[in-house]
Amino acid sequence: MTIDTATEVFEEHRPVLMGVAYRMLGRVADAEDVVQEAWLRWSGADRTEVREPRAYLVRIATRLAVDRLRQVRSRNEAYVGPWLPEPYVTDFGDTVPDTAEWAVLADSVSLAVLVVLESLSPLERAVFVLREAFGYPYADIAAVLDRGEPAVRQLAGRARKHVEERRPRYEVDPAERRDLTERFLAAAAGGDLEGLMSLLAPDVRLIGDSGGLSKAPLRVIETADKVGRFLYAIAQQGVPDLSYRSLELNGGAALLVLSGDKPDSTLQLDVVDGRIQCIYIVRNPEKLVSLGNQ
């Protein structure tokens, strides 16, 4: 296999490697570092012995992500305020023609699920991602992690139970979410408190992530009254040279808020029965760098 061929093979599998690494780590920069390291190992390997490049590359990326996750755990423990995954642009487009497959991929990269995955051990998270998001057989996951298949099945069972117990029961309806996002934006931008309140579920939650580097709530805000009044107050303060851009983040409709041409924040909603159940706002500038060209 020549260098040019090796590059083509790697680029063919880059999306799945990035998908695995991001779901494992929740940060684009960390995932990109893992993919870059996987490329270095691939380019320096004896590829004549590799029969299945995809399996080989996924094994490298997963093991690197497990090691990186162990390193960054302490960083997240010292985080200021609520922690959310870094917004990740997803546009499966024609690459995922099957509706059921699209729903699985979108759910596995959603903010709600990624927050729950933070509470898994690195090995549990790796097994969950490979099994639930990418449909890998247990035998293949065992080979990736160099563990016995019975041990992998136990890890998968624990991880699945943990996620099912803690994940919010949100039904993903892309059209409904886009509609609520547009109505929410119109009410907030227009200072329509009554209209804003009508969109919120009684037990709505607002989670703001700033990492202590910009203004955002340092605690989760709960109930429609508190969330509505907080958003109304923020809207009255305004953002210099404000503009919005719609895009798909983490498998769902989202808004990128710009101040001038610089990303200020992202906003995404979870919707249940036509009402907003959870609002995610990311304002940590370090987590918005990758959105600068969107």
Side-chain angles (χ1 to χ4, degrees), residues 1 6 9-10 12-27 30-31 33-73 76 85 88 92 95-96 98-110 112-167 169 251:
M1 186 182 295
V9 170
F10 187 86
E12 177 186 349
H13 298 297
R14 179 184 288 273
V16 71
L17 302 182
M18 188 67 187
V20 169
Y22 175 76
R23 287 168 174 81
M24 284 287 299
L25 297 163
R27 289 191 56 156
D30 288 336
D33 286 346
V34 162
V35 173
Q36 179 61 24
E37 180 62 27
W39 158 248
L40 294 175
R41 297 197 182 192
W42 168 251
S43 62
D46 180 3
R47 294 180 295 276
T48 60
E49 301 295 321
V50 178
R51 291 193 296 269
E52 298 181 19
R54 178 186 172 102
Y56 180 87
L57 289 168
V58 168
R59 181 167 67 250
I60 291 175
T62 302
R63 291 181 177 181
L64 289 170
V66 167
D67 291 342
R68 176 63 67 93
L69 185 58
R70 288 169 174 154
Q71 295 169 9
V72 303
R73 278 293 171 88
N76 289 351
Y88 183 47
F92 304 123
T95 63
V96 187
D98 183 79
T99 302
E101 184 182 358
W102 179 92
V104 169
L105 285 171
D107 181 63
S108 71
V109 80
S110 70
V113 168
L114 290 176
V115 167
V116 175
L117 293 187
E118 281 294 299
S119 57
L120 299 180
S121 73
L123 284 179
E124 287 173 340
R125 188 163 181 167
V127 172
F128 185 88
V129 167
L130 293 176
R131 179 66 180 173
E132 302 300 324
F134 294 96
Y136 273 64
Y138 289 114
D140 291 355
I141 300 174
V144 167
L145 298 176
D146 196 21
R147 294 289 193 282
E149 188 173 337
V152 166
R153 288 180 177 274
Q154 287 184 343
L155 287 167
R158 287 203 303 267
R160 189 181 304 111
K161 180 180 179 182
H162 182 90
V163 172
E164 289 303 318
E165 288 176 347
R166 290 163 177 79
R167 77 192 305 169
R169 299 293 189 251

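The one candidate from Leu69, Val35, Val34 that meets the side chain to side chain contact (heavy atoms under 4.5 Å, CB included) condition with Leu64 is Val34. None of Arg166, Arg27, Arg23, Arg125 except one satisfies the salt bridge (Lys or Arg N to Asp or Glu O under 4.0 Å) rule with Glu118; the exception is Arg125.
Distance check, rounded to the nearest 0.5 Å: CZ of Arg41 to CG of Leu57 gives 12.0 Å. In this structure, CG on Leu40 lies 10.5 Å from CD1 on Ile60, to the nearest 0.5 angstrom. Note: Leu25 CG to Asp33 CG = 9.5 Å, rounded to the nearest 0.5 Å. The CE atom of Met24 lies 8.0 Å from the CG atom of Leu130; values are rounded to the nearest 0.5 Å.
Side-chain contact between Leu17 and Phe10: present, with at least one pair of heavy atoms (C-beta onward) separated by less than 4.5 Å. Taking 4.5 Å as the limit, some side-chain heavy atom of Val58 sits within range of a side-chain heavy atom of Tyr136. At least one side-chain heavy atom of Arg131 sits less than 4.5 Å from a side-chain heavy atom of Arg160. Within the 4.5 Å cutoff, the side chain of Phe128 has no heavy atoms near those of the Ile141 side chain.
Listed by first and then second residue, the side chain to side chain donor-acceptor pair (under 3.5 Å) pairs involving residues 139-152 are Glu149-Arg153 (not counting sequence neighbours). Listed by first and then second residue, the salt bridge (charged side-chain N to carboxylate O under 4.0 Å, His left out) pairs involving residues 50-61 amount to none (not counting sequence neighbours).
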Take Leu120 and Val127 through the side-chain contact (heavy atoms from CB on, under 4.5 Å) test and state the conclusion after the steps.
CA-CA 10 Å; Leu120 299 180; Val127 172; over 6 Å; no
Criterion side-chain contact (heavy atoms from CB on, under 4.5 Å) on Leu123 and Arg70, from CA distance to verdict:
CA-CA 10 Å; Leu123 284 179; Arg70 288 169 174 154; 4.0 Å; yes
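Taking each heavy atom of Val152 and Ala142 in turn, the nearest pair found is CG2-CA, 3.6 Å. Across every non-hydrogen atom of Leu114 and Ser108, the tightest pair is CD2-O, 3.8 Å. Nearest heavy-atom pair across Val116 and Ser119 is O-OG, 2.6 Å.
Under the ring-ring contact (aromatic ring centres under 6.0 Å, His included) criterion, Tyr22 pairs with Tyr88, sequence neighbours left out.
Judged by distance alone, with hydrogens and angles left aside, the side-chain atoms of Trp42 form a donor-acceptor pair with the main-chain N or O of Ala6 at under 3.5 Å.
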